[in-house]
Amino acid sequence: MGWGDLGVFGQPSKETPNLDSMAAQGMLFPNFYTANPLCSPSRASLLTGRLPVRNGFYTTNAHARNAYTPQEIVGGISKDEILLPQVLKKKGYVSKIIGKWHLGHSAHHLPLEHGFDEWFGAPNCHFGPYNSSDRPNVPVYNNSQMVGRYTHTHPEGLDFIFHQNMAQRPFFLYWAADATHAPVYASKRFLGKSQRGRYGDAVMELDYSVGQMLAWLRALGIDKDTFVFFTSDNGAAVMSGPKQSGSNGPFLCGKETTFEGGMREPAIAWWPGHIPAGTVSQQLGTVMDLFSTSLSVAGLSVPDDRLIDGLDLSPVLHNNTLINRPIFYYRGNEMMAVRVGPYKAHYWTWSNSWEEFNQGINFCPGQEVAGVTTHTQQEHTMQPLIFHLGWDPGEKYPISVVTKEYQDALSRITAVVEKHKKGLVPGVPQLNMCDMAVMNWAPPGCEKLGKCLKAPKSQPWKCDWPH
């Protein structure tokens, strides 16, 4: 989902009344980022509070390549990582994930092995339907057992909140809808309702669902006891065509890139009685902050045996204070750019390859900026491209290197980068190896349903990540 998909950020058709209302009742973050321009690494970072290059959700098969967890991936979230629900357990929290997991689909990588108590959803994206003899359809799990393949909707979230409230148990619900992901899906009630095609229909359904959950918290009388945060895992995919693509507002490019459109996200915090209504915070935030902030809200400390990249945003939520911090934009194993204050420095630029571009795959349609949206990997480490995102959010006009402004910004950013690189110990890359034999052929529970499929012989290879 893109920054420009919300009415509160200026989307002209104003088709997100519930999210806009959530912002009016809470705090809006115009400067909020994901940890990666792609789905799986962002989710790994949200749940660990750590950059993908630290938690292992990256590849070293090629330089600066995005990688995720398709069905043929061998790896997944490492047992050495500590996930948010594992820490929340110390305070008796019951945790549930609804929707897309995307951190590995082998049995030992699934949510119930990593701190979640309940799960209703799928381990991968809902591509397909497939011919099951050469590629299985994605399974849907209820907890640790498969209950079918390839389905979409269920009122699980409201049920979970109701039951935990009745039992007087503190809860953590990770609601990971995949409806605005291609192939874009919307249920019958919302089909054809948007002015923005199928993608707009999906956004309207997502918005409706958020409204239902907030209304449910109010109806149960627990809205003042419940911290809610809405954001996305990466910017809108603008390469999907006019009716399948979202909007990244004034920002450059989209999903897969480390330009603003790929990593700046809509973000709203809601907690009546605790977060002042109608607040706009200029705090630079990231999905990794949700790890530290959630633990703080629950009265817990972050793990002290590892480097946590996320910040506790509690002072921002309660007092709208500003915490000075940088944003790092990684693509695979490479730090592509850094933001410090209003300035962003690109050390590498790349949208996607000429080969893909010439086949019609364009990550920046209608937004090509000469020398910026490059189709070869361009290194700028000796003289970074620097933009002032306040007056140039579209990253169209690099600041001239001969100006004092450039030199001042560069000296500030260089100090941040040197400190970051000095303390960086990359994790073991989890997204290097693929194998058709590890796909969802026979998930736990398939026997009872008669939906087990025969896996091919194991023939591992190094995954190819084109961009």
Side-chain angles (χ1 to χ4, degrees), residues 1-35 42 46 175 177 180 196 200 203-204 206-215 217-218 223-224 226-236 246-252 254 260-294 296-297 310-325 327 339 341-342 344 389-391 393-394:
M1 191 176 187
W3 192 94
D5 283 329
L6 296 192
V8 73
F9 281 137
Q11 207 295 317
S13 53
K14 296 281 191 292
E15 293 174 345
T16 54
N18 294 292
L19 286 164
D20 297 346
S21 174
M22 183 183 178
Q25 295 162 16
M27 182 175 280
L28 186 66
F29 289 86
N31 292 281
F32 198 86
Y33 292 86
T34 186
S42 300
L46 185 154
W175 189 71
T180 55
R196 306 174 61 207
V203 170
M204 287 178 81
L206 185 78
D207 177 78
Y208 169 81
S209 303
V210 171
Q212 289 285 293
M213 277 189 275
L214 299 185
L217 293 173
R218 281 196 209 91
D223 51 321
K224 291 184 170 62
T226 311
F227 170 58
V228 186
F229 202 96
F230 175 87
T231 190
S232 172
D233 59 352
N234 48 249
S247 166
N248 296 310
F251 304 119
L252 187 62
E260 289 297 287
M263 289 182 61
R264 203 188 294 205
E265 304 307 325
I268 304 165
W270 185 90
W271 191 5
H274 297 265
I275 295 172
T279 319
V280 178
S281 172
Q282 298 304 327
Q283 174 66 41
L284 300 192
T286 148
V287 293
M288 295 176 288
D289 300 340
L290 298 179
F291 179 86
S292 307
T293 307
S294 299
S296 174
V297 163
L311 297 179
D312 173 11
L313 295 182
S314 296
V316 181
L317 299 174
H318 297 306
N319 306 311
N320 205 8
T321 52
L322 288 177
I323 305 168
N324 186 27
R325 67 92 67 84
I327 297 291
R339 178 174 176 182
K344 179 177 178 182
L389 295 176
W391 59 261

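A quick note: this is a predicted structure, and the numbers were derived from the prediction, not measured.
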CG on Asp312 to CG on Leu290, rounded to 0.5 Å: 11.0 Å

Side-chain heavy atoms of Ser247 within contact of Arg196, under 4.5 Å: yes

Donor-acceptor pair, side chain of Thr16 and main chain of Gly7, under 3.5 angstrom: yes

Ala23 to Val8 - nearest heavy-atom pair and separation: CB-CG2, 4.1 Å

Steps toward side-chain contact (heavy atoms from CB on, under 4.5 Å) verdict (Asn320, Met27): CA-CA 9 Å; Asn320 205 8; Met27 182 175 280; 4.2 Å; yes

Rounded distance [0.5 Å steps], CG in Leu389 versus CG in Asn31: 8.0 Å

Salt bridge (charged side-chain N to carboxylate O under 4.0 Å, His left out) contacts in which one or both residues fall within residues 10-33, not counting sequence neighbours: none

Gln283 CD to Leu317 CG distance, which is reported to the nearest 0.5 Å: 9.5 Å

Partners passing side-chain contact (heavy atoms from CB on, under 4.5 Å) against Pro17 (at least two apart in sequence or in another chain): Asp207

Residue list, side-chain contact (heavy atoms from CB on, under 4.5 Å) with Ala236, at least two apart or on another chain: Asp5, Tyr199, Asn248

Pair Met1-Leu19, side-chain contact (heavy atoms from CB on, under 4.5 Å): steps then yes or no: CA-CA 13 Å; Met1 191 176 187; Leu19 286 164; 4.3 Å; yes

Side-chain (Trp270) to main-chain (Gln25) donor-acceptor, under 3.5 angstrom: no

side-chain contact (heavy atoms from CB on, under 4.5 Å) between Leu214 and Asp223, worked out: CA-CA 7 Å; Leu214 299 185; Asp223 51 321; over 6 Å; no

Note, Trp3 side chain near Ser232 side chain (heavy atom, < 4.5 Å): no

Salt bridge (charged side-chain N to carboxylate O under 4.0 Å, His left out) pairs, two or more places apart, involving residues 278-288: none

Derivation of the side-chain contact (heavy atoms from CB on, under 4.5 Å) call for Met288 and Tyr33: CA-CA 9 Å; Met288 295 176 288; Tyr33 292 86; over 6 Å; no

For Gly394 against Leu252, the heavy-atom pair lying closest together: O-CB, 3.4 Å

Non-hydrogen atoms of Pro266 and Thr231 that approach each other most closely: O-OG1, 2.9 Å

Rounded distance (nearest 0.5 Å) linking atom CD1 of Ile275 with atom CD1 of Ile268: 11.0 Å

Check: Thr321 main-chain N/O paired with Asn319 side-chain donor or acceptor under 3.5 Å: no

Qualifying salt bridge (charged side-chain N to carboxylate O under 4.0 Å, His left out) pairs, either residue in residues 269-290, two or more places apart: Asp289-Arg325

Rounded distance [0.5 Å steps], CZ in Phe29 versus OG1 in Thr279: 9.0 Å

Minimum heavy-atom distance Gly285-Ile327, with the two atoms named: O-CD1, 3.8 Å

Sidechain-backbone polar pair: His274 side chain, Lys224 backbone, donor-acceptor under 3.5 Å: yes

Separation of Ser314 OG from Phe227 CZ (nearest 0.5 Å): 7.5 Å

Donor-acceptor pair, side chain of Thr293 and main chain of Leu311, under 3.5 angstrom: yes

Partner set under side-chain contact (heavy atoms from CB on, under 4.5 Å) for Thr34, not counting sequence neighbours: Ser42, Met263, Glu265, Val287

